[in-house]
Amino acid sequence: MPELPEVETIVRQLRTKVKGKTIVSAEIFDMGVVDPNIKAILPVKILDVLRRGKSIIFYLNDGKFILTHLRMTGHFYYVNILPNEEYRKFMVGKFDFSDGTFLTHNSIRKFGSMRLVDKDRLKQELDKLGVEPLGAGFTLNRFNEILGKKARSNIKTVLLDQSQIAGIGNIYAQEALYFAGINPCRKAGEIQFEEVKKLHLEVVRILTAAVKQKGSTVDNYSNIDGAGNYQKYLVVYNKQFCPKKHPLEKINLGGRGTSFCSVCQR
DNA sequence: ACCAACCCCTGGAAGC
DNA sequence: TGCTTCCAGGGGTTGG
């Protein structure tokens with residue numbers, strides 16, 4: 001499932017592949033995922049591709065934007081032939097460029113979205129998102145303020161709250177909490193300042209390292225050019241034992257599976 | 001105002 | 001073996 005490092009990787013690849021290209025035609029196979037209004041504005045040129053949180057934003061030359069979210073199973077493929085039946089099966093949209101290449105959006109669970117929005121709507125949507133964890137705004141003080149504001153929620157749910165911090169998903173939240181030695185069930189307000197410091201550091205360190213490795217490939221995530229490498233460094237997500245060989249606990253927190261080590265995380 | 005629960009969807013694993 | 005049930009999860013929505 002693409003989180004910040006995976007989405008950042010995809011955006012960088014999209015920028016090298018489709019920036020400056022003109023979409024001349026499109027086929028939409030699932031209107032629940034891909035906004036059919038996109039067809040009405042063609043041909044349109046992609047001026048740039050940017051990321052905000054886990055969202056991908058295509059900047060178009062007509063002043064509009066395609067606001068995209070891949071959710072868990074969304075993929076982009078940039079190709080010049082349609083590979084096979086299995087590939088077509090989950091294709092929700094296909095965008096043809098003037099040079100004969102095309103971009104497809106494939107999604108097994110069809111939870112994602114590509115919506116055509118104007119400038120005001122884009123701003124309105126992006127304003128709902130919290131601070132970028134790899135941006136200059138994510139200072140220790142800012143993080144501490146967020147935890148104070150969400151004092152009664154458990155710490156893991158706060159890390160996943162996109163309106164507070166935009167980009168952390170279930171994998172990296174669990175990893176950061178392990179490395180910071182913090183039990184995911186603890187209330188945000190009860191975390192001591194020294195621990196907040198540690199967690200802040202780990203969030204930034206892990207996300208930065210994961211971006212460098214082009215994200216993690218677990219289940220069916222892949223970036224445009226293939227798999228990421230950060231899964232090699234994951235220590236609790238989907239694991240049975242922590243690095244110190246303690247058996248991990250598996251609980252449900254905020255509707256999400258959560259693995260943690262009751263020995264290493266207090 | 002805030003938080004928990006539910007829902008969308010499908011494949012794969014687990015259970016009977 | 002083959003069916004049914006359950007689980008995975010981001011975020012929007014609903015209900016308490």
Side-chain angles (χ1 to χ4, degrees), chain A residues 1-8 10-11 28-35 51-57 67-76 84-93 105-115 117 121-122 124-133 145-177 184-190 207 210 215-222 228 231 234 236-240 248-260:
Chain A
M1 56 238 55
E3 304 180 24
L4 187 150
E6 293 76 28
V7 177
E8 178 63 27
I10 292 165
V11 164
I28 293 163
F29 306 101
D30 190 312
M31 303 213 288
V33 178
V34 185
D35 188 345
R51 180 189 64 76
R52 174 79 172 90
K54 300 175 200 169
S55 292
I56 298 168
I57 305 135
L67 181 57
T68 301
H69 202 301
L70 297 172
R71 298 286 180 96
M72 285 83 65
T73 61
H75 296 238
F76 274 124
N84 56 40
E85 203 56 38
E86 185 65 12
Y87 173 100
R88 292 161 183 255
K89 192 173 163 191
F90 302 113
M91 192 160 62
V92 293
H105 180 170
N106 298 44
S107 185
I108 294 172
R109 282 177 237 175
K110 300 175 169 39
F111 275 11
S113 60
M114 291 184 83
R115 288 187 296 138
V117 294
R121 188 64 201 268
L122 180 73
Q124 189 188 330
E125 293 293 328
L126 298 186
D127 282 351
K128 292 179 187 170
L129 297 173
V131 64
E132 281 289 331
E145 270 171 32
I146 291 167
L147 299 195
K149 193 162 60 176
K150 294 282 172 183
R152 289 185 307 279
S153 300
N154 62 62
I155 183 65
K156 191 202 171 203
T157 303
V158 178
L159 291 178
L160 292 178
D161 186 341
Q162 302 300 300
S163 73
Q164 301 304 314
I165 305 166
I168 302 174
N170 202 30
I171 296 175
Y172 297 107
Q174 290 173 65
E175 295 296 311
L177 286 167
C185 302
R186 281 175 65 194
K187 302 296 172 206
E190 294 166 4
L207 291 178
S216 303
T217 293
V218 290
D219 294 329
N220 51 28
Y221 160 79
S222 63
Q231 66 278 7
L234 299 176
V236 285
Y237 179 79
N238 230 357
K239 304 281 186 216
Q240 303 290 320
L248 293 173
E249 314 266 337
K250 180 84 184 271
I251 57 169
N252 187 301
L253 219 48
R256 303 289 171 261
T258 306
S259 295
F260 70 99

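In what follows, chains are A, B, ... by sequence order, proteins preceding strands, each numbered from 1.
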Using modelled atom types only, decide if a donor and an acceptor are shared between the side chain of A:Gln174 and the backbone of A:Val236 within a distance under 3.5 Å.
-> no
Starting at CG of A:Asn154, measure out to CZ of A:Arg186 and round the result to the nearest 0.5 Å.
-> 11.5 Å
Are A:Ser259 and A:Lys250 close enough that some pair of their side-chain heavy atoms sits under 4.5 Å apart?
-> yes
When every non-hydrogen atom of A:Val7 is compared with those of A:Gly53, the smallest separation belongs to CG1-O, 4.5 Å
Before accepting this row, confirm whether a basic side-chain N of the pair A:Glu132/A:Arg52 lies closer than 4.0 Å to the acidic partner's carboxylate O.
-> yes
Output one line per pair: protein atom, nucleotide atom from nucleotides 8-13 of chain B, and distance, for all N/O pairs under 3.5 Å.
residue	atom	partner	partner atom	Å
B:dC9	O4'	A:Arg109	O	3.4

Heavy atom of residues 250-258 of chain A under 4.0 Å from DNA chain C: which residues?
-> A:Lys250, A:Arg256, A:Gly257
Kindly indicate whether the side chain of A:Lys150, heavy atoms from C-beta on, has any atom under 4.5 Å from the side chain of A:Gln164.
-> yes
Applying side chain to side chain contact (heavy atoms under 4.5 Å, CB included) to A:Asp35 and not counting sequence neighbours gives A:Asn37, A:Ile38, A:Arg115, A:Leu116
Nearest heavy-atom neighbours spanning A:Ile168 and A:Leu160 = O-CD2, 3.8 Å
Shortest non-hydrogen contact between A:Lys187 and A:Arg152, atoms and distance = CD-O, 3.2 Å
End axis versus end axis in the helix from B:dC2-C:dG16 to B:dC16-C:dG2, the angle rounded to 10°, five pairs used at each terminus | 60°
With side chains defined as the heavy atoms from C-beta onward, is the minimum distance between A:Lys110 and A:Phe29 less than 4.5 Å?
-> no
Quick one: do A:Glu125 and A:Arg121 make a salt bridge, cutoff under 4.0 Å?
-> yes
Range on DNA chain C touched by chain A - first to last nucleotide, heavy-atom distance under 4.0 Å = C:dA8 to C:dG11
Flag the pair A:Phe90 / A:Thr73 as yes when at least one side-chain heavy-atom distance between them is below 4.5 Å, and no otherwise.
-> no
Distance col, row A:Lys54:NZ vs A:Ile10:CD1, nearest 0.5 angstrom, shows 12.5 Å
Grab the N/O contacts between the protein and nucleotides 1-4 of chain B below 3.5 Å, and write none if there aren't any.
residue	atom	partner	partner atom	Å
B:dC3	OP1	A:Ser153	OG	3.3
B:dC3	OP2	A:Lys150	NZ	3.3

Could you check if a side-chain atom of A:Ile251 sits within less than 4.5 angstrom of a side-chain atom of A:Cys185, using non-hydrogen atoms only?
-> yes
What's the spacing between A:Asn106 CG and A:Leu70 CG if we round to 0.5 Å?
-> 10.5 Å
